[in-house]
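Since we're looking at a predicted model, the values are computed, not measured. One is the number of the first residue; the rest follow in order along the sequence. As the structure lists them, so they are numbered: ligands from 1, and atoms in each ligand from 1.
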Amino acid sequence: MTLTGRLAFITGAGSGIGRSTCQILARDGALIVAADKNKRNADETINAISKEFKQEHISLELDVGNSSSIDEVLGKILAEYGKPPTIIVNSAGITRDNFILKLSEEDFDEVLKINLKGTFLIVQKCANAIIDHGINNASIINVGSISGKYGNIGQANYAASKAGVERLTRTASLELANKGIRLNSVLPGVILTPMTTVIPDKVKAKLMSMIPMRRFGEPEEIAEVIAFLAGDKSSYITGTSIEVTGGF
Ligand SMILES: NC(=O)c1ccc[n+]([C@@H]2O[C@H](COP(=O)([O-])OP(=O)(O)OC[C@H]3O[C@@H](n4cnc5c(N)ncnc54)[C@H](O)[C@@H]3O)[C@@H](O)[C@H]2O)c1
């Protein structure tokens with residue numbers, strides 16, 4: 001139980017990679033705060049893990065695009081546990097895909113707001129709370145995307161947001177290393193979650209042909225890497241990005 005005694009705060013915890021991360025971190029002994037815009041789905045995440053791993057895990061409603069919603073959630077966590085989380089996973093994310101010639105300004109702004117600004121706000125507010133409480137061992141893991149590294153047709157907004165997440169993570173790691181806060185990104189390839197079920201079959205076939213391992217990833221395969229980055233087995237790793245793509 002490598003994460004026993006650690007409080008973990010996961011955004012986007014109602015689905016896909018965020019939900020799987022809650023399960024894996026709970027398996028490793030962490031107490032889980034599962035936060036999502038969709039509260040009912042976050043409840044389901046917690047109900048499932050509470051049955052299996054009997055601890056006081058909680059679910060909360062959170063909109064990462066809204067600064068006061070984040071303040072409210074952090075306030076609730078401090079009230080409930082008397083301390084801030086020391087494992088923070090930013091998994092909340094959205095896509096609004098379109099070709100650049102047709103991409104609306106609204107869809108550009110919304111994706112940047114949730115994926116990039118949301119990550120910034122969570123990182124800033126959690127890091128301040130950690131420092132205020134005199135804690136000097138914390139790990140923040142931001143979920144980027146391989147699209148942020150190489151781009152992807154139809155995803156100018158999404159790829160830009162995820163490139164931003166990676167560079168934000170790197171920069172924050174430089175600023176916070178001497179406070180005992182490590183920050184790293186995980187860059188998934190194509191992972192089987194509700195986010196990717198909407199990809200048309202033709203596009204899926206093309207993507208598959210670009211994956212040397214010839215299969216899409218499972219959310220647990222991302223969550224296991226997040227668990228490694230969360231715990232002390234990665235104690236000398238900060239500011240890096242780990243690609244989890246089947247070799248894409
Ligand atoms: N699935 C993939 O292939 C893939 C690949 C690369 C990166 N990613 C990234 O992984 C992360 C998780 O994706 P997923 O595949 O699990 O997607 P998903 O759609 O299954 O889950 C995303 C979750 O984020 C929540 N969310 C959306 N907007 C929110 C907001 N404003 N505030 C709080 N929660 C919000 C949703 O309600 C949902 O529960 C995302 O950041 C995504 O960009 C996914």
List, pair by pair, the atoms of ligand 1 and of the protein that are both N or O and lie under 3.5 Å apart, giving the separation rounded to 0.1 Å.
unit_1   : atom_1 : unit_2 : atom_2 : d
ligand 1 : 1 (N)  : I191   : O      : 3.3
ligand 1 : 1 (N)  : T193   : OG1    : 3.2
ligand 1 : 3 (O)  : G189   : O      : 3.3
ligand 1 : 3 (O)  : I191   : N      : 2.8
ligand 1 : 3 (O)  : I191   : O      : 3.4
ligand 1 : 8 (N)  : Y158   : OH     : 3.4
ligand 1 : 15 (O) : T193   : OG1    : 2.5
ligand 1 : 16 (O) : I17    : N      : 2.8
ligand 1 : 20 (O) : S15    : OG     : 2.5
ligand 1 : 31 (N) : D63    : OD1    : 2.8
ligand 1 : 32 (N) : L62    : O      : 3.3
ligand 1 : 32 (N) : V64    : N      : 3.0
ligand 1 : 34 (N) : K37    : N      : 3.3
ligand 1 : 37 (O) : D36    : OD1    : 2.6
ligand 1 : 39 (O) : D36    : OD1    : 3.3
ligand 1 : 39 (O) : D36    : OD2    : 2.6
ligand 1 : 41 (O) : S91    : O      : 3.1
ligand 1 : 41 (O) : K162   : NZ     : 2.8
ligand 1 : 43 (O) : Y158   : OH     : 2.5
ligand 1 : 43 (O) : K162   : NZ     : 3.1

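For the salt bridge (Lys or Arg N to Asp or Glu O under 4.0 Å) test with R27, the passing option among E224, E52, E220 is E224; the others fail.
Residue pairs meeting the side chain to side chain donor-acceptor pair (under 3.5 Å) criterion with at least one member in residues 194-207: none, sequence neighbours excluded.
Using a cut-off of 4.0 Å between Lys/Arg side-chain N and Asp/Glu carboxylate O, E106 and R96 are scored as not salt-bridged.
For R170 (side chain) and L183 (main-chain N/O), no donor-acceptor pair under 3.5 Å exists by modelled atom type. Listed for the S20 side chain is no donor-acceptor partner under 3.5 Å among the backbone atoms of G16.
Nearest heavy-atom pair across I46 and S59 is CG1-CB, 3.6 Å.
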